[in-house]
Structures are given as structure tokens and as C-alpha cells.
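Structure record follows, encoded as C-alpha cells.
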Amino acid sequence: MPDYKPQTIEKKWQERWRDSRAFEVAEDPSKQKFYCLEMFAYPSGHAHVGHVRNYMIGDVVARMKRMRGFNVLHPFGWDAFGLPAENAAIKNRTHPETWTLENIAHMKGQLQRLGISYAWEREIATCLPEYYHWNQWVFLKMLERDLAYRRRSTVNWCPSCNTVLANEQVIDGACWRCGTTVTTRELEQWFFRITHYADELLDATDTLTDWPEKVLTMQQNWIGRSEGARVRFALGGPEQLLASGSRLLAESGPTAAEGKTNQQPAANSQQPTIEVFTTRIDTIYGANFLMLSPEHPVVQEWSREAGADEFRRNLQRFQAQDRNARMIGEIEKEGFDTSRTAINPFTGRPVPIWVANFVLIEYGTGAVMGVPGHDQRDFEFAKKYNLPITIVVQPEGEKLTVETMTEAKPGAGKLVESGEYNGLDWEEANHKMTVDAEARGIGEGTVQYRLKDWGISRQRYWGTPIPVVYCESCGMVPVPADDLPVMLPKIAEFSGRGDSPLAQIPEFVNTTCPKCGKPARRETDTMDTFVDSSWYFFRFCDPHNSELPFDPEKVTYWGPVDFYSGGVEHAILHLIYSRFFTRVFRDLGMTTLSEPFTRLLTQGMVLKNGQVMSKSKGNVVDPDDMIQKYGADALRLYVMFVAPPEKEIEWTDAGLEGSWRFLARVWRLVDSLADTIGGEGIPTPAEVELNDAERALRRKTHDTIRRVTLDLDPRVHLNTAISGLMELVNELYAFCNNSDCLRIGQTASDAASVGVVERAATVAVLKESVEALVKMISPFTPHMAEELWEKLGHSSGIVAAGWPAFDEAVAKAEEVVIPVQINGKLRARLTVPADISEEQLRQIALSDPAVVKHLEGKTVRKVVIANGRLVSIVAG
RNA sequence: GCCGGGGUGGCGGAACUGGCAGACGCUCAGGACUUAAAAUCCUGUGGCCUUCGGGCCGUGCGGGUUCGAUUCCCGCCCCCGGCACCA
């Protein structure tokens with residue numbers, strides 16, 4: 001008997017699958033589709049076993065669905081633009097393209113050696129013009145619809161490297177490369193108006209019933225919807241302000257530029273005002289001061305006034321404070337008095353205006369009302385600067401006094417010291433005061449989001465060129481769709497310094513205006529690579545389309561993605577951007593879908609020595625090494641067996657070896673029996689008379705099919721599915737070992753030990769069981785399963801054979817073991833026929849010797865029979 | 001601080017709707033085979049006690065509901081992840 005030699009088998013089947021285009025698919029309305037997708041790969045160089053775990057999970061689902069008769073789309077591609085390629089180019093003096101394409105070639109080989117059932121003819125790489133053309137196309141469409149716009153915005157800047165950094169490249173406020181403290185710069189940036197869909201993206205999380213709770217919560221927090229009110233405080237105080245103030249405030253409010261949803265309504269009176277955002281307008285009678293962000297336009301204006309030297313000094317001190325430290329609240333809360341006042345529109349009293357370093361310009365209006373009685377930050381601020389504290393909400397059953405208060409009291413209660421609102425419950429007051437504010441024209445109810453518009457400009461080379469030009473006479477002009485793609489030019493030298501690398505290529509920059517034909521300059525920034533990954537799942541439906549990003553008909557057939565798996569690190573960015581893009585395509589009439597991914601599985605990482613695998617830690621396990629030693633099938637089985645897909649796993653060589661041993665055990669079993677059960681004319685078990693052992697094996701077989709089927713679909717409990725298969729194998733060994741003629745061989749020389757089986761019934765049962773086993777294991781270990789299937793005398797592949805069916809009646813045990821509890825303790829086990837009546841069961845239980853013994857001297861008070869599965873006796 | 005997920009043998013993990021806790025695997029121990037070893041096959045493997053029949057304890061901790069709780073409820077402790085001065 002040949003030993004299990006995975007390497008030869010795997011090569012053979014991978015070639016066959018490739019040559020027969022086994023996993024290539026076309027739209028087929030007569031078949032139900034299934035779109036199975038794993039997050040495509042960043043071609044970083046070498047895949048390690050952590051990367052490939054994700055692809056194996058998807059492959060099991062895809063292969064199983066294929067066997068169940070679905071038309072399965074299972075594509076793969078490369079998220080090929082991005083910074084590492086540029087850094088590698090600087091370091092190794094290669095071109096990012098060379099580096100990227102070489103990595104793709106290598107990683108593709110690795111994935112193919114794992115035998116993943118991808119439709120490789122649909123492979124895409126986002127760095128190719130055939131793909132990024134359509135990024136540009138979508139950009140133009142969004143520009144037409146005002147979903148893309150340009151404004152000045154603050155970016156991270158490394159003064160040492162002289163370049164812009166992405167947020168992800170700012171580690172604890174310092175440049176990831178050189179460690180210099182990061183500063184900020186104002187630059188013109190392109191934005192996608194994702195906030196236009198903020199409400200929809202938030203509300204629709206309810207429809208994502210097959211997403212992990214964790215991811216939905218993260219997205220909800222990220223969008224951060226909070227309902228409240230904007231209230232305007234009229235400026236009072238020094239008369240001279242009024243003149244400059246009115247001009248100021250017409251354009252005030254940092255959020256004016258934020259985007260539509262955040263747009264501030266123009267002040268409806270001539271009087272200059274400061275607008276605040278609050279979720280607790282009901283506490284406004286306790287608003288004893290205002291606090292403005294140092295970046296607030298009014299503050300900026302005041303600092304420019306003559307004689308404001310001290311004001312400027314104070315302000316500069318705040319502005320010099322580490323921006324990142326300020327953002328994460330690590331520095332002390334401080335403020336300074338502007339010596340100006342505003343009128344609280346509800347109390348009519350003047351309140352001082354302060355500048356506070358903890359007020360964020362990015363959120364709300366950049367101005368807040370200080371309610372020290374009911375907000376902890378305001379409380380601390382008031383204590384520090386001796387500002388008055390007023391209690392305006394009394395909690396139920398408490399009597400707060402300012403004198404005894406040691407901290408602010410947020411939360412529920414009834415209003416006091418609030419004029420006409422006294423006695424109202426806070427929620428009622430909140431509503432009423434909002435309505436009143438609107439009626440009086442001093443404010444309005446509003447919804448505030450944490451979500452900001454998506455800044456997509458990157459001052460980088462290795463990305464999609466943004467397809468606009470700037471003309472001296474026409475201004476910003478989009479590149480006409482017919483002129484797309486704007487090709488990314490080859491670049492010779494990468495220094496890693498300076499602004500956008502594209503700005504250094506005159507042949508690229510200098511162009512003519514599409515409108516007037518005069519000289520113009522191209523936009524030299526490229527798009528964030530998250531743009532690439534926001535719609536690639538649509539491109540897979542129609543990857544070679546040269547007219548459109550995709551044919552809507554094809555997306556209608558394949559979409560949405562039925563099963564999507566990937567790392568939880570994408571829970572917010574990629575997954576929210578993809579949901580946004582799907583809605584953009586919907587509103588462009590390209591699809592009727594709103595949500596791209598029906599079911600999401602976030603797979604756990606593979607750790608080694610308790611740490612994430614990385615080159616720098618030196619704990620990377622290369623799949624190729626494992627394949628060489630144990631074969632791809634053993635590797636696949638191991639990573640899926642060791643823990644549920646969502647959990648992290650700790651890599652152990654011993655575990656992999658165990659999986660290999662199991663596969664060798666299956667191999668010996670099937671190989672030993674192949675001659676016996678692989679012949680023609682073997683009856684089905686239903687056609688013959690079975691003895692007890694045969695019936696038991698048949699029951700186990702059908703029960704295993706039932707369990708494994710449910711574990712794979714709809715649950716994706718791959719680890720328990722495998723343990724079910726292991727149990728079946730153990731049962732088959734026991735069955736054979738208890739039979740005189742069926743000892744399973746160990747080595748080639750043992751082949752003779754498998755005798756001729758006389759009983760037709762035994763052969764029938766074994767055939768059914770072994771064939772079901774081979775079919776069910778095939779999604780996990782496809783190469784071995786195909787080889788065994790061939791050994792069993794089948795010439796067409798295992799997918800064509802279909803997924804095994806089970807008979808509920810056969811799967812059911814004829815005899816069951818019923819535990820008997822007395823006062824909650826297990827006292828006996830009864831073996832009874834499965835169809836026993838409750839009355840009979842009660843009789844047998846009460847007359848069982850062990851039960852009788854334990855009931856001695858006690859009276860039975862109650863006997864509970866729990867859906868025929870357990871007897872519980874209460875006695876005392 | 002807020003939100004989410006967890007805590008089960010030496011280890012990874014099972015346990016579906018409240019019904020035999022520890023499936024399956026790893027590790028370890030013993031047996032068979034072998035000149036021997038490896039491999040393989042078989043058996044055992046939560047703790048304590050045992051007259052070998054079995055008994056008691058046991059799913060982070062403390063309570064509760066229930067005939068019965070890893071599962072449900074209340075109150076804690078600890079770990080992991082996300083967000084975080086969001087007004």
C-alpha cells in the first residue's frame with residue numbers, strides 16, 4: 001500500500017484543477033449563485049500562515065457550497081497600491097511597480113500551492129490602469145454629484161522628512177520613520193462626502209444581521225451620532241467688538257467647510273453671536289461661561305486685534321501644545337479669560353467667554369457652554385478658575401448643594417433655578433427648550449456626527465492619480481471621462497523627500513486645459529488606497545470590462561457578497577468605505593444594492609509565542625516550509641481545526657503534526673478498503689439486511705453527515721465539523737478492528753491483511769460511510785479527498801459527486817441513554833428504546849436498582865421528564 | 001470613562017432552545033507489534049476520597065430563579081479588543 005505522500009498528490013490535483021479551469025464560473029440564471037470572498041491581499045512580499053488562514057476559511061465555504069450545487073464565485077486579487085512599495089523603492093532602489101509585481105508573483109505561487117479554489121482568470125491588481133481607470137471614473141461621477149469636493153484642511157507633517165504623513169503613520173505624535181514630533185499643515189485636500197450617508201450608514205447597521213455585533217458597534221461608535229441643539233449666545237461686552245464682530249460671525253463656525261450635514265445656518269439676526277452645540281440644552285440655566293477652542297475663528301480674529309498682546313501670548317502657548325497630546329487629553333485642562341462676555345439667551349445674563357485648550361475645533365461648533373454643575377470637565381474648569389457653579393437639575397431623591405458638591409452631577413433629574421422650566425423632567429425640558437429656542441430664533445435642534453468626510457488626497461506616488469487639472473482661466477477642471485485613465489507616469493528616482501513625487505515630473509504636471517486648451521497643471525496628489533478596496537468586490541463580477549467599472553447586469557447576478565471574511569482590523573475603515581461606495585454606485589444607478597456584504601466573518605490572527613507574526617519579531621511561519629514537510633492539506637486542516645475561525649490561534653508544530661497523523665489515518669483507512677468497496681454493483685445499505693454493528697455504523701454515518709452539514713452551513717464552525725469527521729473515522733476503525741477480515745493495514749507490506757469481506761451488508765455500509773467521509777473532508781483537504789475519490793473508482797471529480805445527504809430517521813438512535821437525577825444529582829443511566837413513552841420511562845426509572853437504593857427512606861415528591869431526554873426525581 | 005467580547009482539565013477547545021460538563025485534538029502514561037527503536041493499533045488521562053460498588057467537589061467570585069444553571073437574573077473581580085476631553 002502506498003503511504004500518504006501529500007506533495008505528489010497535491011501537485012497532481014492543482015495541475016488538473018488549473019488545466020480544467022475547475023473554478024472559473026459564468027453567470028447562470030438556472031443556478032443559485034454564491035459569492036464567497038476573502039479580503040484581497042496587500043502584496044507585502046511573503047504570505048505567512050496568518051494571512052493564509054483567512055483564505056482557507058473562505059475556501060472551505062466555497063468548496064462546500066460548490067458541492068451543494070451553487071454557482072460559486074470565488075475570486076482573488078491584490079490591493080497593490082500603497083506606501084510600503086514606495087518605501088521599499090527608496091530603500092532598495094527598485095521601482096514600486098517592480099517590487100509589487102514580484103511580490104504578487106511570489107504570493108500567488110504560495111496561494112496556489114495551498115490549493116485554494118480561486119477563479120484566477122478574474123484576478124485583479126489595483127495598481128494596473130485597467131483597474132485604477134475606474135477609480136478615476138467614480139471620482140468624476142462623485143465630483144458631478146458634489147460627493148467629492150476640495151477644501152483646505154490640516155494634515156500631519158513631519159518637519160524632518162519634509163513630507164505629509166497619514167494618521168496611521170503618526171505613532172504617539174511622532175513620525176514613524178524618524179521619530180520627529182509631527183506638526184500640522186494646511187493643505188488643499190480632496191474629500192469624499194461620506195457624511196451625506198451618515199444617517200443611512202448608521203441606521204442600516206440594523207439590517208446587517210449576519211455581521212458580528214462587535215463590528216456593528218464599532219461602526220456605530222465611529223459614526224457617533226448625537227442629538228442635541230445649537231444655541232446662539234449674543235456677544236456683549238466691549239462695544240468696539242460689535243463692528244468687527246458682525247463681519248466675523250457671518251462666516252464663523254469652523255464647520256461651515258465641513259460639509260453639508262454640518263453646515264451652520266447663517267445667524268438670523270444682525271447681532272454677532274457665538275454658537276455652541278450641546279446635547280443638554282436643559283442645563284442651559286446653569287451655563288455660567290462659554291469656552292472656545294483656540295482655533296475658533298473668533299478667537300483668531302480677537303488675537304489679531306491691536307493691544308491684544310497677552311491674549312496672543314496665551315493663545316500661542318495653547319497652540320504650541322502638542323496637538324496629539326491635546327487630542328487625546330493627556331495635557332492639563334487650561335483656559336484664559338478673553339475679558340469678553342456673551343448673553344445667555346435663556347437667563348438673559350452675561351457670561352464670560354474663555355478660551356479652553358480642551359475644546360475641539362473639529363467637533364460641533366468649536367464652542368461649548370460651560371455647565372459646571374452637570375459636566376465634570378466644566379466643573380473642574382470652574383473650580384480651577386473660580387467660576388460660579390449653579391445646580392439646575394436635581395436628581396430624584398437627592399438634594400444637591402453647590403457647597404457640598406465634589407464633582408459634577410450629569411444625568412437625570414428635575415429642573416430647578418430654570419425659570420419657567422422649573423419642575424420639568426430633564427428630557428421633557430430638553431425637548432421643550434429646543435422647540436422654544438427655534439421659535440425665538442436663537443437655536444435649533446440638530447444632529448451631530450463624529451464621522452467626518454473622508455480625506456482622500458495623498459502626497460504620494462504609488463496610487464491612483466486624481467483626474468483633475470488646474471487652469472489659470474478655468475480653475476479646477478475635471479479630466480473628461482474619455483481621456484481616462486490618467487496614467488501614473490514612471491518615475492526614476494525615489495528620495496522620500498518633498499511634496500507629492502508627481503509634482504517633480506514636468507511631463508506629467510504640465511498639460512493643457514480640457515476646456516480652453518491653455519496650459520494647465522495636473523493635480524499631483526494620488527488617492528488614498530482605501531478607495532481601491534472600496535469597490536473591488538464589484539469589479540470581480542466583471543473584471544475585464546473596458547467600458548465601465550462593471551456591467552450592472554453582472555452585479556445583479558452575483559451581488560451582494562454572500563460570505564465575506566477578513567481581519568477585524570478592517571472593521572471600521574474598509575468596511576464603512578465599502579458600504580459608502582455601494583450606496584454611491586446605487587445612487588449612480590449601477591446597482592440596486594445598498595449593502596455589499598451579507599455575512600461577515602472576522603477571522604482571528606495566528607500567533608506564535610503569543611505574538612503576531614512579523615519579520616521583525618522573527619516568528620514568521622512560512623506556509624511553504626509547512627507544505628514541504630506535511631503538505632498543504634495538513635496545514636489547511638490544522639488551522640481550521642485548532643479553534644473557531646473568529647478566534648486567534650497559537651501556532652504549534654505539534655498541532656500540525658496531529659493533523660497530519662489524522663490525514664494519514666484517513667488515508668490508510670480508505671486505501672485499505674478501496675478494493676473492497678470501490679467495485680461495481682454494490683448495493684445501498686437500504687437494500688440489505690443489516691446486523692447491529694452495521695446498523696450502528698450507518699447511524700453514526702448519517703448522524704455525522706447531519707452534524708457536519710449544519711456545522712458548515714449555516715454555522716461556520718469548522719473546528720467542530722472536523723471533530724465530527726474524526727469521530728466517524730474512529731468509529732470506522734473500531735468497526736473494522738472488530739471484524740475478523742478487516743484489519744486496516746499500516747504499511748505497504750500489510751496490504752495482504754485486508755481480507756475478502758463476505759457480507760454484502762458490511763460492504764454496503766462501509767461504502768456509504770467511507771464515501772460520505774471523503775466527500776465531507778474534501779472542502780478541508782481537497783487534494784487528498786480527490787485522490788481518494790479516484791481510488792474509490794470514480795473518474796469524475798468529487799464536486800460533481802455532490803454533498804452527501806442524510807436520512808433523519810437513520811441518524812436517530814434506536815436506543816438512547818437517559819440520565820436519572822435525584823435531587824439534581826446524577827444517580828443512574830438507563831438504556832431504553834428511543835421511542836419509549838414517558839410513562840414507561842418513569843416506571844423504568846423508579847424501579848432501577850440504583851434509583852431505588854438512593855430513594856431509600858425518602859418519598860418521591862415529583863418526577864420531571866424533560867422532553868424525553870432526562871428523568872429528574874425530587875425526593876425528600 | 002463609554003462600548004463590545006471573554007474567563008471551562010496540564011494545553012487548544014466542545015456542550016444546539018436551561019437537561020449526562022470536558023466531545024475532538026495535543027500532551028503524558030500503559031499495553032500490543034518489533035531483536036530494538038520509530039511509526040502504527042489499543043487502553044487510560046479534571047481534582048480529592050474509595051471497602052473498586054461507588055462517593056464528594058468542580059465551568060472567575062458571591063447571591064438568586066429552577067426539579068435541574070457553563071447557559072437565565074442581580075452584584076462583584078479579572079483578561080482581551082475598540083473608541084476616547086465628542087460638549
Side-chain angles (χ1 to χ4, degrees), chain A residues 3 212-222 224-226 228 276-280 283 291 326-331 333 356-360 362-371 374-378 380-381 410 448-450 568-569 571-572 637-638 641-644 646-650 652-659 661-662 664-665 668 707 710-711 715 717 719-727 729-730 733-734 736-737 743-747 750 817-829 850 853 861-875:
Chain A
D3 288 335
E213 195 59 43
K214 175 169 130 179
V215 173
L216 294 176
T217 311
M218 281 163 75
Q219 292 211 353
Q220 285 155 3
N221 290 343
W222 187 262
R225 183 185 152 104
S226 68
V276 301
F277 173 73
T278 178
T279 54
R280 291 295 302 270
T283 64
M291 293 178 289
R326 242 180 78 195
M327 291 285 284
I328 56 174
E330 272 176 3
I331 55 148
K333 292 178 180 57
N357 65 347
F358 62 90
V359 177
L360 303 171
E362 296 91 343
Y363 189 76
T365 62
V368 297
M369 59 184 206
V371 185
H374 304 284
D375 181 282
Q376 187 58 22
R377 288 158 304 178
D378 300 351
E380 287 165 19
F381 197 81
Q448 190 65 45
Y449 299 92
R450 215 189 69 95
V568 73
E569 66 273 17
I572 296 174
L637 190 77
Y638 167 63
F641 173 64
V642 70
E646 296 85 353
K647 270 199 87 151
E648 350 184 275
I649 59 175
E650 172 69 29
T652 64
D653 288 350
L656 175 58
E657 209 168 312
S659 291
R661 269 204 299 271
F662 171 69
R665 191 167 148 88
R668 284 191 299 275
R707 273 177 57 190
L710 292 175
D711 272 350
R715 305 160 72 183
H717 290 196
N719 55 328
T720 51
I722 294 168
S723 68
L725 295 174
M726 288 173 166
E727 280 184 51
V729 170
N730 291 345
Y733 265 78
C736 292
N737 285 325
R743 203 169 71 82
I744 293 162
Q746 294 164 21
T747 63
D750 281 344
V817 177
I818 304 283
V820 183
Q821 293 181 350
I822 299 173
N823 295 336
K825 284 194 193 300
L826 179 69
R827 294 303 181 193
R829 286 193 176 89
K853 197 183 123 201
R861 295 191 201 282
K862 199 174 172 185
V863 179
V864 178
I865 296 176
N867 17 302
R869 273 192 285 180
L870 174 142
V871 180
S872 183
I873 301 168
V874 191

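Residue numbers start from 1 in every chain, and the chains themselves are labelled A, B, ... in the order their sequence lines are given, proteins ahead of strands. Computed over heavy atoms, backbone and side chain alike; hydrogens, waters and symmetry mates excluded.
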Donor-acceptor contact present, side-chain N823(A) to main-chain A875(A), <3.5 Å
yes
Quiz question: going by heavy-atom distance under 3.5 Å, is there a donor-acceptor pair between the base of rC85(B) and the side chain of K333(A)?
yes
Under 3.5 Å, side chain of N737(A) to main-chain N/O of Y733(A), donor-acceptor pair present?
yes
If you check every side-chain atom of V817(A), which of rC20(B), rC41(B), rC56(B) has the closest atom?
rC20(B)
Measuring to OP1 and OP2 of rC3(B), would you say a side-chain N or O of K214(A) lies under 4.0 angstrom away?
no
From V874(A), V871(A), V820(A), residue fulfilling side-chain contact (heavy atoms from CB on, under 4.5 Å) relative to V863(A)
V871(A)
Could you work out which one of rG12(B), rC56(B), rA87(B) sits closest to the side chain of V359(A)?
rA87(B)
Using atom C1' in both nucleotides, what's the gap between rC79(B) and rA69(B) to the nearest angstrom?
24 Å
rA87(B), OP1 or OP2 - any side-chain N/O from S226(A) closer than 4.0 Å?
yes
What interatomic distance, in whole Å, is found between C1' of rG54(B) and the corresponding atom of rG6(B)?
37 Å
Interatomic distance at P, rC28(B) relative to rC77(B), whole Å
40 Å
Which value, in whole Å, describes the distance between the P atoms of nucleotides rU65(B) and rC83(B)?
42 Å
Can you confirm if the NZ or CZ of R377(A) lies within 45° of the ring axis of F358(A) and under 6.0 Å from the centre of its six-membered ring?
no
No-H, no-angle donor-acceptor pair, R829(A) side chain to rC20(B) base, under 3.5 Å:
yes
Of rC20(B), rC41(B), rC83(B), the nucleotide closest to the side chain of P819(A) is rC20(B)
Distance between the P atoms of rC16(B) and rG22(B), in whole angstroms?
13 Å
When the P atoms of rU70(B) and rG63(B) are considered, how many whole Å apart are they?
15 Å
When rounded to the nearest Å, what value does the distance between P atoms of rG55(B) and rC61(B) take?
24 Å
Just the table, please: protein N/O against nucleotides 21-28 of chain B N/O, every pair under 3.5 Å.
unit_1	atom_1	unit_2	atom_2	d
rA23(B)	O2'	E727(A)	OE2	2.9
rG25(B)	OP1	N730(A)	ND2	3.2
rC26(B)	OP1	R661(A)	NH2	3.0
rU27(B)	OP2	R661(A)	NH2	3.3

Does R450(A) make a side-chain N or O approach to OP1 or OP2 of rA84(B) shorter than 4.0 Å?
yes
Separation of the C1' atoms in rG31(B) and rG81(B), to the nearest angstrom:
48 Å
Please pick, from rC20(B), rA87(B), rA84(B), the nucleotide with the shortest atom-to-atom distance to any side-chain atom of F277(A).
rA87(B)
If you only use heavy atoms from C-beta on, which nucleotide in rC85(B), rC67(B), rG4(B) is closest to the side chain of R377(A)?
rC85(B)
When you check the phosphate oxygens OP1 and OP2 of rC86(B), does a side-chain N or O of R280(A) lie under 4.0 Å from one of them?
no
Selection from rG19(B), rA15(B), rA87(B) that lies nearest to any side-chain heavy atom of L360(A):
rA87(B)
Is there a side-chain contact between K825(A) and the phosphate of rC57(B), meaning an N or O under 4.0 Å from OP1 or OP2?
yes
With no hydrogens and no angle check, is any side-chain donor or acceptor of Y638(A) less than 3.5 Å from a backbone partner on D653(A)?
no
Can you check whether R668(A) has a side-chain N or O nearer than 4.0 Å to OP1 or OP2 of rA39(B)?
no
Of all the choices, rG19(B), rG82(B), rC42(B), which nucleotide is nearest to the side chain of L870(A) once you look at every atom?
rG19(B)
